[in-house]
Q: 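For reference, the structure I am asking about is given below.
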Amino acid sequence: MPTFQTLPGFREFYPEDLARRNFLFRLWRQTANTFGFAEYDAPVLEPLDLYRAKSGDEIEAQLFSFTDKGGRAVALRPEMTPTVCRLVGAKASALKRPIKWFSIAEFYRYERMQKGRGRCFFQFNADIFGEPGPEAEIELVALLVQCLCAFGLTHEDFFVRLSDRNLWFYYLEALGLDPERARGILGAIDKYEKLGDEAFKGYSERFGALTPELKARILSFLEIKSMTALETRLTDIGSEKLAARLADWKHLLDALEAMGLSRFVEVDLGVVRGLAYYTGFVFEAFDRKGELRALAGGGRYDDLVEKLGGPALPAVGFAIGDMTFALLLEQRGLMPAIAQGPDVYAVIGGAAERRAAFADIHALRAAGFRVEYPLKEVAFGKQFKAGAESGAKLALIYGGDELAKGVVKIRDLGQRNEFEVPRDQVLATVRDFFSRG
RNA sequence: GCGGUCAUAGCUCAGUUGGUUAGAGCACCAGAUUGUGGAUCUGGGGGUCGCGGGUUCGAGUCCCGUUGGCCGCCCCA
């Protein structure tokens with residue numbers, strides 16, 4: 001007999017794994033709902049061009065892509081952003097503003113596995129469309145923070161680094177760099193934290209080496225880690241664009257402070273995110289210890305909806321991945337042991353008692369209680385043991401003695417006491433027990 | 001794509017310079033136990049030792065290849 005393995009990087013969810021996954025999804029969904037975001041979903045398989053249009057041909061190496069039987073070049077979705085841009089773009093004029101949407105979905109990337117990264121993973125995605133000002137960022141950064149805090153994480157566990165590609169572009173423009181060179185510099189900055197001076201190699205090869213003064217001014221901007229440092233720096237330069245941008249920054253940070261979220265947010269212009277489609281504020285969430293890869297990332301992408309064939313529509317969004325997030329929860333002891341025991345366990349004597357038990361079991365289930373019973377006849381002792389192990393709160397005992405008296409014995413497995421009720425009052429009694437908590 | 005490391009039961013792991021029928025704990029099932037709690041005791045099922053080839057009288061053990069896991073690099077939407 002041949003043996004089959006799970007494809008590399010793919011995951012299987014046994015019941016206890018799925019319980020953990022659902023725990024994440026449940027809290028994310030609840031949190032998004034409290035922020036007034038509406039949930040959507042979309043196809044797993046998309047036209048390959050949807051991703052080519054956004055990110056270029058080289059992206060194909062990291063896609064699960066193939067040609068379908070109709071000769072179409074298709075790919076398993078590696079992210080949600082192009083898809084949601086299409087959905088919103090197609091009906092933009094009919095959608096009530098603000099457009100606040102979220103999804104929880106699985107994505108696929110043909111990559112090498114590492115800690116916190118596989119070839120399939122889930123992401124919580126949240127986006128706001130149609131809002132050009134920092135009000136959208138306020139809402140999304142707050143949602144991001146709350147999506148983590150909902151699990152018991154605090155500002156001691158994670159933080160959000162906030163940066164701004166516009167600020168960089170305006171600053172580099174003020175330094176006399178054209179847009180193409182500015183993009184080259186941003187590419188270098190994205191890698192600077194990891195590579196140091198090596199990061200500028202690619203830029204130098206393309207545009208020639210930076211003068212020492214220019215490089216110093218760029219590096220000092222990169223090291224800005226506070227609003228006051230930013231203000232001091234920008235007033236020196238006296239650019240109108242930069243002054244207007246600074247007002248947006250103040251608006252954003254002030255609102256987050258009003259929400260009590262300042263402890264979670266740090267200004268860090270070293271974050272620019274490699275992706276070229278971001279157009280304004282960008283942000284990433286990390287664990288405080290710096291042991292894990294990014295927990296979440298996002299930013300503004302005002303041009304993408306139009307680029308993908310829709311109307312011009314400003315947008316901001318972020319995504320939280322499930323793998324790194326689960327690692328963090330486990331590290332901090334915040335992943336609960338999820339035991340989903342039944343409410344009621346039925347202990348059944350013999351074949352005759354079984355018929356009576358079945359009637360009540362089904363009535364209880366129809367009323368919404370979770371009820372289990374031994375599928376086959378087993379000794380009473382084993383049934384009590386199984387009932388206790390199952391985590392049930394109550395045992396209903398259907399023995400010959402009880403049936404002869406027309407009663408059911410109900411045992412409170414927590415209190416370890418028991419009492420008898422007439423058969424026709426079983427449902428009412430159970431309902432009363434659980435409504436008391 | 002590159003490098004390191006590992007692979008024996010569902011899980012965690014033993015397995016001696018290569019030597020008879022590959023073991024333990026946990027988990028699972030059953031019995032002790034014909035009406036009351038996670039215990040105990042006894043027993044049981046479960047393995048192509050990742051896969052393929054080679055060396056050898058003989059390979060879980062040595063050699064080569066391969067697949068897969070983990071960790072890191074590249075990348076990270």
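Small disclaimer: the values here were computed from a predicted structure and weren't measured. Every chain is numbered from 1 and lettered A, B, ... according to where its sequence line falls, protein lines coming before strand lines.
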Q: Give A/G400 one of three labels, base, sugar-phosphate or nothing, depending on what nucleic acid heavy atoms sit under 4.0 Å from its own.
A: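 The residue A/G400 makes base contact.
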Q: What nucleotide, of B/rG37, B/rC75, B/rG35, holds the atom closest to the side chain of A/D401?
A: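 Among B/rG37, B/rC75, B/rG35, the one nearest the side chain of A/D401 is B/rG35.
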Q: Between B/rU36, B/rC73, B/rA30, spot the one nearest the side chain of A/K409, thanks.
A: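 Nearest nucleotide to the side chain: B/rU36.
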Q: Students often get this wrong, so: under 4.0 angstrom with heavy atoms, is A/E402 touching a base, only sugar-phosphate, or nothing?
A: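 Base, at least one base heavy atom under 4.0 Å.
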Q: Distance criterion of 3.5 Å, no angle test: do you see the side chain of A/R293 paired donor-to-acceptor with the base of B/rC76?
A: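 Yes, a donor-acceptor pair under 3.5 Å.
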Q: Using a 4.0 Å heavy-atom cut-off, write out nucleotides 3-9 of chain B from 5' to 3' as B (base contacted by protein), S (sugar-phosphate only) or - (no contact).
A: -------
Q: Report the residue (A/L7 or A/Q415) whose heavy-atom-nearest nucleotide on RNA chain B is the more 5′ of the two.
A: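 Mapping each residue to its closest nucleotide by heavy atoms, the 5'-most match is A/Q415.
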Q: Within the distance-only criterion (no hydrogens, no angle test), does the side chain of A/Q425 pair as donor or acceptor with the backbone N or O of A/P422 below 3.5 angstrom?
A: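 Looks like no, no N/O pair under 3.5 Å.
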Q: How far, in whole Å, is B/rU42 from B/rA22 if one measures between their P atoms?
A: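 Taking atom P in both B/rA22 and B/rU42, they lie 24 Å apart.
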Q: What is the separation between atom CD on A/E16 and atom P on B/rC28, rounded to the nearest whole Å?
A: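 To the nearest whole Å, that distance equals 13 Å.
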Q: Quantified in whole Å, what is the C1' atom distance between nucleotide B/rG15 and nucleotide B/rG23?
A: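 Those two atoms are separated by 7 Å.
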Q: What distance do A/I185 atom CD1 and A/F207 atom CZ have between them, rounded to the nearest 0.5 Å?
A: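 Taking CD1 in A/I185 and CZ in A/F207, the distance rounds to 8.5 Å.
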Q: Rounded to whole Å, how long is the line connecting atom CZ of A/R416 with atom P of B/rG35?
A: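 Rounding to the nearest Å, CZ of A/R416 and P of B/rG35 are 19 Å apart.
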Q: Side chain of A/I397 only, please: which of B/rU36, B/rG37, B/rG69 is the nearest?
A: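 Closest nucleotide among those given: B/rU36.
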Q: Within 45° of the axis and under 6.0 Å from the centre of the six-membered ring of A/Y110, does NZ or CZ of A/R119 qualify?
A: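 Judged by the rule (NZ or CZ under 6.0 Å from the ring centre, within 45° of its axis), A/R119 counts as positioned above A/Y110.
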Q: Determine, using ring centers only, whether A/F151 and A/F325 are less than 6.0 Å apart.
A: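 Yes, ring centres under 6.0 Å apart.
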Q: Separation of A/F384 atom CZ from B/rU34 atom P, in whole Å?
A: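 Those two atoms, CZ and P, are 15 Å apart.
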Q: Salt bridge between A/D287 and A/K289, side-chain N to carboxylate O under 4.0 Å?
A: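 Not counted as a salt bridge, because no side-chain N and carboxylate O are separated by less than 4.0 Å.
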Q: From NZ of A/K191 over to P of B/rC74, roughly how many Å is that when rounded to an integer?
A: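 From A/K191 NZ to B/rC74 P: 10 Å.
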Q: Distance between the P atoms of B/rU61 and B/rA9, in whole angstroms?
A: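 Pairwise P distance, B/rU61 against B/rA9, rounds to 15 Å.
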Q: Mark yes or no: A/R245 above the aromatic ring of A/Y170, with NZ or CZ under 6.0 Å from the six-membered ring centre and no more than 45 degrees from the axis.
A: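 Not satisfied by the 6.0 Å and 45° rule.
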Q: Counting N and O atoms only, with roles assigned by atom type, does the side chain of A/R300 sit under 3.5 Å from a partner on the main chain of A/G133, one being a donor and the other an acceptor?
A: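 Side chain of A/R300 to backbone of A/G133, a donor-acceptor pair under 3.5 Å: yes, one is there.
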Q: Does a side-chain N or O of A/K385 approach OP1 or OP2 of B/rA39 to a distance below 4.0 Å, or not?
A: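 Result: yes.
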Q: Any sub-3.5 Å donor-acceptor pair from A/R370's side-chain atoms to A/D343's backbone N or O?
A: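 It does not hold such a pair.
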Q: Under 4.0 Å, counting only non-hydrogen atoms across every strand here, what does A/G9 touch: a base, just sugar-phosphate, or nothing?
A: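 A/G9: backbone/sugar contact only, no base atoms under 4.0 Å.
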Q: Check the side chains of A/Q415 and A/N417 for a donor-acceptor pair under 3.5 angstrom, ignoring hydrogens and angles.
A: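 Distance-only check fails for A/N417 and A/Q415.
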Q: Roughly how far apart, to the nearest Å, are B/rA77 and B/rG72 at atom C1'?
A: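 Approximately 22 Å lies between the C1' atom of B/rA77 and that of B/rG72.
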Q: Just to be sure I understand the rule, does A/N417 reach a base, reach only the sugar-phosphate, or reach nothing, if contact means heavy atoms closer than 4.0 Å?
A: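 If one applies the 4.0 Å heavy-atom cut-off, A/N417 turns out to touch nothing in the nucleic acid.
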Q: A/E79 CD to B/rA77 C1': how many Å, rounded?
A: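 Distance check: A/E79 CD to B/rA77 C1' gives 4 Å.
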Q: Can you tell me the distance, in whole Å, between the OH atom of A/Y345 and the C1' atom of B/rG38?
A: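 Spelled out: OH on A/Y345 to C1' on B/rG38 is 13 Å.
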Q: Considering only atom P, compute the distance from B/rG25 to B/rU40 and round it to an integer number of Å.
A: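 The answer is 13 Å between these two P atoms.
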Q: Would you indicate which nucleotide in B/rG69, B/rG37, B/rC75 comes nearest to any side-chain atom of A/R117?
A: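 Nearest listed nucleotide: B/rC75.
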Q: Under 30°, 30 to 60°, or over 60°: which ring-plane class applies to A/F434 and A/F369, parallel, tilted or perpendicular?
A: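 Rings of A/F434 and A/F369: tilted, 30 to 60°.
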Q: From C-beta outward on A/Q114, which listed nucleotide comes closest to its side chain: B/rA77, B/rU36, B/rC74?
A: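 When the side chain of A/Q114 is considered, B/rC74 is the closest of B/rA77, B/rU36, B/rC74.
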Q: Distance to the ring centre below 6.0 angstrom and angle to the axis at most 45 degrees; does that hold for A/R161 and A/F286?
A: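 The answer is yes, since A/R161 meets both limits relative to A/F286.
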Q: Would you mind classifying the nucleic acid contact of A/P78 as base, sugar-phosphate or nothing, using non-hydrogen atoms under 4.0 angstrom?
A: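 Counting heavy atoms under 4.0 Å across all strands, the contact made by A/P78 includes a base.
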Q: What is the separation between atom NZ on A/K382 and atom C1' on B/rU36, rounded to the nearest whole Å?
A: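 Taking NZ of A/K382 and C1' of B/rU36, I get 14 Å after rounding.
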Q: If you look at every strand shown and take non-hydrogen atoms under 4.0 Å, does A/M113 touch a base, only sugar-phosphate, or nothing?
A: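 Answer is sugar-phosphate: A/M113 comes under 4.0 Å of backbone atoms only.
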Q: Would you please indicate yes or no on a ring centroid separation below 6.0 angstrom for A/F122 and A/F25?
A: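 Yes, the ring of A/F25 comes within the 6.0 Å limit of the ring of A/F122, centre to centre.
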Q: Output the single nucleotide from B/rG72, B/rG35, B/rC75 whose closest atom is nearest the side chain of A/F380.
A: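 That would be B/rG35.
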Q: Using the C1' atom as the reference point in each nucleotide, state the distance between B/rA14 and B/rC71 in Å, no decimals.
A: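 It works out to 25 Å between them.
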Q: For A/L63 and B/rC76, what is the distance between atoms CG and C1' respectively, to the nearest whole Å?
A: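 It is 13 Å, rounded to the nearest whole Å.
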Q: Suppose you measure atom P in B/rA30 against the same atom in B/rA39; what distance do you get, rounded to whole Å?
A: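 So the two P atoms sit 14 Å from each other.
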Q: With no angle test and no hydrogens, is the base of B/rU36 tied to the side chain of A/E418 by a donor-acceptor pair under 3.5 Å?
A: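 Indeed, a donor on one side and an acceptor on the other fall under 3.5 Å apart.
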Q: Using the P atom as the reference point in each nucleotide, state the distance between B/rG47 and B/rC64 in Å, no decimals.
A: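 Their P atoms lie roughly 31 Å apart.
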Q: Please list every stem that involves RNA chain B, where a stem is a run of 3 or more consecutive Watson-Crick or G-U wobble pairs with both pairing distances under 3.5 Å.
A: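 Runs of three or more consecutive pairs: B:1-7 with B:67-73, B:10-13 with B:23-26, B:28-32 with B:40-44, B:50-54 with B:62-66.
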